[in-house]
2 protein chains.
Amino acid sequence: MPTPAPVADSALMQRLSDSLVAYYRDFTAAAVKEGLTSTQANTLGVLSRGTATMRELATALSCDASNVTGVVDRLERRGLVNREPSPTDRRVKHVLLTDEGRRAITTVRDSMLHTQQGLASLEAADRDALYELLGRAFPQRAEG
Amino acid sequence: MPTPAPVADSALMQRLSDSLVAYYRDFTAAAVKEGLTSTQANTLGVLSRGTATMRELATALSCDASNVTGVVDRLERRGLVNREPSPTDRRVKHVLLTDEGRRAITTVRDSMLHTQQGLASLEAADRDALYELLGRAFPQRAEG
DNA sequence: TATTGTTATACTCTATAACTATA
DNA sequence: TATAGTTATAGAGTATAACAATA
């Protein structure tokens, strides 16, 4: 047989699911080591890309805005984020990562050993290819 | 410059995170359309590969065994799974997908349009490459 | 009128600890 | 003694609906 049969769509979907489960397990375990839930760590991850309003956080976290209040409450109580009023719209609050919050999310990422080892097992060209393929298969939606 | 600079590890981690978030969002939305939580749909997905004991479900779902009782309770109440006693060990219960449960998880998978469209936008050779790279980056652990 | 953030409420998910039945 | 599954409990995540303040 000159060429192997193409991967069935369902097999690729299944492998994506398996990869997600493995990644999420690694991420959650790393978060727990820092005393964080996966939602809390995910929130810090969003904020590590830049300040966001409560509303923007809800969008990024794919959850209702009412949930963000509690999540940010708990993070703020632990000194990992701050709420600051918007200077231009008194309804809006900006959420910022504190230095301690930035340290926490960095530690979480550095603790994802399974994922890091898996990626490190690929050659540089293969990592580039994976990066490229993921970018095409999961194009990021335009934001705000 | 003859060759492009290799993708930074942090950039690849970030893209992996973004891609899996997009996948998970699609999966959760598809589950909600079927009246399922993501945990419930994930449980049906595990069972679609074959029967599992309560203990095996806990391992596959990466959660404590005590949680599985409630998750399976709710699925069973809706007729999506059944519990059957093991013929060889009276402590053990096997969880089976019903026809309705199999229909539900199939519908969920068929409803993941964003993911399907993303994958369909790749050529066959690229889908094969993605399948292969994910398999190497996230090798599945040996199971019981 | 519409939007931002919050509160109240109810359900689900999750871990820990203690328990029963069985091996 | 150890294991499978359950129950009790408490904390966290989630959606819906209603609300006050602001635009």
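Below, chains carry the letters A, B, ... as their sequence lines are ordered, and counting in each starts from 1.
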Problem set entry | Watson-Crick and G-U pairing of DNA chain C written in dot-bracket, each distance under 3.5 angstrom, with | for inter-strand partners | |||||||||||||||||||||||
When the side chains of residues 79-88 of chain B are checked against the rest of the protein, which donor-acceptor pairs come out under 3.5 Å, sequence neighbours left out?
{"from": "B:R83", "atom 1": "NE", "to": "B:E76", "atom 2": "OE1", "distance (Å)": "3.0"}
{"from": "B:R83", "atom 1": "NH2", "to": "B:D73", "atom 2": "OD1", "distance (Å)": "2.1"}
{"from": "B:R83", "atom 1": "NH2", "to": "B:E76", "atom 2": "OE1", "distance (Å)": "3.4"}
{"from": "B:S86", "atom 1": "OG", "to": "B:T88", "atom 2": "N", "distance (Å)": "3.2"}
{"from": "B:S86", "atom 1": "OG", "to": "B:T88", "atom 2": "OG1", "distance (Å)": "3.2"}
{"from": "B:S86", "atom 1": "OG", "to": "B:D89", "atom 2": "N", "distance (Å)": "3.2"}

Problem set entry | Separation of B:L20 CG from A:F138 CZ (nearest 0.5 Å) | 7.0 Å
Exercise. Of all residues at least two apart in sequence or in a different chain, which pass the side-chain contact (heavy atoms from CB on, under 4.5 Å) check with B:T59?
Worked result: none
Problem set entry | Value in whole Å for how far the P atom of C:dT6 lies from CZ of A:R55 | 10 Å
For this session: Would you mind reporting whether A:M54 and A:V72 have side-chain heavy atoms less than 4.5 Å apart?
Result: yes
Seminar exercise, completed: B:L61 atom CG is separated from C:dA15 atom C1', nearest whole Å, by 15 Å
Exercise. Do the side chains of B:Y24 and A:S62 get nearer than 4.5 Å, heavy atoms only?
Worked result: no
Problem set entry | Interface residues of residues 16-44 of chain A with DNA chain D (non-hydrogen, below 4.0 angstrom) | A:T37, A:T39, A:Q40
For this session: Mind calculating the distance between CG (A:D73) and C1' (D:dG13) to the nearest angstrom?
Result: 13 Å
Exercise. CE of B:M54 versus C1' of D:dT6: gap in Å, rounded?
Worked result: 8 Å
For this session: Starting from P on D:dG13, measure out to CG on A:L57 and report it in whole angstrom.
Result: 13 Å
Problem set entry | Residue pair B:T107 / B:R103, side-chain donor-acceptor N/O under 3.5 Å | yes
Problem set entry | Residue-level proximity of residues 76-87 of chain A to DNA chain D when a heavy atom falls under 4.0 Å | none
Problem set entry | Flag side-chain contact, heavy atom, 4.5 Å: B:T51 against B:V95 | no
Problem set entry | Beyond-backbone contact of A:V108 with A:L36, side-chain heavy atoms, under 4.5 angstrom | yes
Problem set entry | Pair A:D18 + B:R49, salt bridge at N-O below 4.0 Å | yes
Exercise. Any side-chain heavy-atom pair from A:E56 and A:H94 closer than 4.5 angstrom?
Worked result: no
Exercise. Does a side-chain N-to-carboxylate-O contact under 4.0 Å join B:E132 and B:R136?
Worked result: yes
For this session: Encode nucleotides 15-23 of chain D as B, S and - characters from 5' to 3', where the letter depends on protein heavy atoms closer than 4.0 Å: B to the base, S only to sugar-phosphate, - to neither.
Result: BBB---BBS
Exercise. CD of A:E56 versus P of C:dT3: gap in Å, rounded?
Worked result: 15 Å
Problem set entry | Nearest non-hydrogen partners of B:E34 and B:R78, listed with the distance | O-NH2, 3.5 Å
Exercise. If you round to the nearest 0.5 Å, how far is CG of A:L61 from SG of A:C63?
Worked result: 5.0 Å
